[in-house]
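Proteins come first, then strands; the chains are lettered A, B, ... in the order of their sequence lines, and each starts at number 1.
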2 protein chains.
Amino acid sequence: MTSEELLTVLAALGHPLRLQIIAALAAERVHVSELARRVGVSRPLLYMHLERLEKAGLVEGHLELSHDGKSMKYIELKPFQLTLTVPTILAALQADRESEQPSSGERSD
Amino acid sequence: MTSEELLTVLAALGHPLRLQIIAALAAERVHVSELARRVGVSRPLLYMHLERLEKAGLVEGHLELSHDGKSMKYIELKPFQLTLTVPTILAALQADRESEQPSSGERSD
DNA sequence: TTCACCTGTCAGCTTGACCTTACAGGTGAA
DNA sequence: TTCACCTGTAAGGTCAAGCTGACAGGTGAA
């Protein structure tokens, strides 16, 4: 995991509303409009937050047709596990260096 | 851990420069001016970032006198371990509810 | 005294995150 | 047709985070 990926996840989790969204999705997947009502925000705002969560790989959206033919976008939570310690941060920064010069200095001798 | 505490840590770690700062402090404590040079930023900017890290409890500063009598503020890294999963987020949000009404519903019977 | 270090803070700028309002377009049911 | 749902996005405003430059004040050494 590079530091960029790490920062994407940290930024995605670093907002109270997005924690609420994750909590609301923990038990079951919910479609966008219903999710907006449950967490008490406007739909456009929710879209913005979902975009961040999705980019971080924490949620996933699926557009489906409901039983009565209406288009519904269901959001589901992707299980994740991320341990933050000094070594994991060092590893992320090290991954940056290894991925930016993949053919020069990452020998393990 | 409440969600506010969690968010403070997430926000503190959610910046590339602050990850660099943590990496620079991983091996040894460093005084402010030297740290600024090592991570390549101005001292005032570093102070701002250190403030966030300190509020999150990730680093600690100690003002000391060097052997030649000059005032030096040494920054040291506090070891930490934070595991991010859906359950830990749910627990943080639950802690909010328990701490806002400490005398009504948190009975454990 | 001048220099080279050090700590600490403030005023002011820029930019992006966040949020709201409004719009365009689709469906099934009354 | 009108209503009540749904998806999706664009325009614009607000505000805090981030960053810079300048300042005030301390020390020991040359």
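Screening residues 69-78 of chain A for salt bridge (Lys or Arg N to Asp or Glu O under 4.0 Å), with sequence neighbours left out, gives A/E60-A/K78.
Residue B/S66 places none of its side-chain N or O atoms closer than 4.0 Å to OP1 or OP2 of D/dT27. Listed pair A/K73 / D/dC6 fails the phosphate criterion, with no side-chain N or O lying under 4.0 Å from OP1 or OP2.
Atom-to-atom, NE2 of B/H67 to C1' of D/dA29 comes out at 12 Å; the value is rounded to the nearest Å. Between A/E51 atom CD and C/dC18 atom P the separation is 12 Å, expressed in whole Å. For the pair A/L35 CG and D/dC6 P, the computed distance is 12 Å after rounding to whole Å. Atom OH of A/Y74 and atom C1' of D/dT7 are 13 Å apart (whole Å). Distance OH (A/Y47) to C1' (C/dT20): 16 Å, rounded to an integer number of Å. Rounded to whole Å, atom C1' of C/dT9 lies 14 Å from atom CG of B/L46. Counting to the nearest Å, the C1' atom of C/dC18 and the CD1 atom of A/I21 are 13 Å from each other.
In DNA chain C, runs of at least 3 stacked Watson-Crick or G-U pairs (N1-N3 plus N6-O4 or O6-N4, or N1-O2 plus O6-N3, all under 3.5 Å) give these stems: C:1-30 with D:1-30.
Judged by distance alone, with hydrogens and angles left aside, the side-chain atoms of B/T88 form a donor-acceptor pair with the main-chain N or O of B/T83 at under 3.5 Å. With B/E54 contributing its side chain and B/G61 its backbone, the two residues share a donor-acceptor pair below 3.5 Å.
The ring pair (Phe, Tyr, Trp, His ring centres under 6.0 Å) test applied to B/Y47 returns no partner, not counting sequence neighbours. Residues satisfying the side chain to side chain contact (heavy atoms under 4.5 Å, CB included) criterion with A/T2, sequence neighbours excluded, are A/E4, A/E5, A/A95, A/D96, A/S99.
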Scan nucleotides 17-24 of chain D against the protein and return all N/O pairs shorter than 3.5 Å with their distances rounded to 0.1 Å.
unit_1	atom_1	unit_2	atom_2	d
D/dA17	OP1	B/R52	NH2	3.2
D/dA17	O5'	B/R52	NH2	3.0
D/dG18	OP1	B/R18	NH2	3.4
D/dG18	OP2	B/R18	NH1	3.3
D/dG18	OP2	B/R52	NE	3.1
D/dC19	OP2	B/H49	NE2	2.9

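Nearest approach of A/V41 to A/L46, heavy atoms of both residues: CG2-CB, 4.0 Å. For the residue pair B/S3 and B/L93, the shortest heavy atom distance occurs at CB-CD2, 3.9 Å.
Here B/L65 lies out of heavy-atom contact (under 4.0 Å) with every strand.
Distance check: B/R52 CZ to B/M48 CE gives 6.5 Å after rounding to the nearest 0.5 Å.
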Got a list of side-chain donor-acceptor pairs under 3.5 Å for residues 16-28 of chain A, not counting sequence neighbours?
unit_1	atom_1	unit_2	atom_2	d
A/R18	NE	A/A12	O	2.6
A/R18	NH1	A/H49	ND1	2.9
A/R18	NH2	A/A11	O	2.8
A/E28	OE2	A/R38	NH1	3.0
A/E28	OE2	A/R38	NH2	3.4

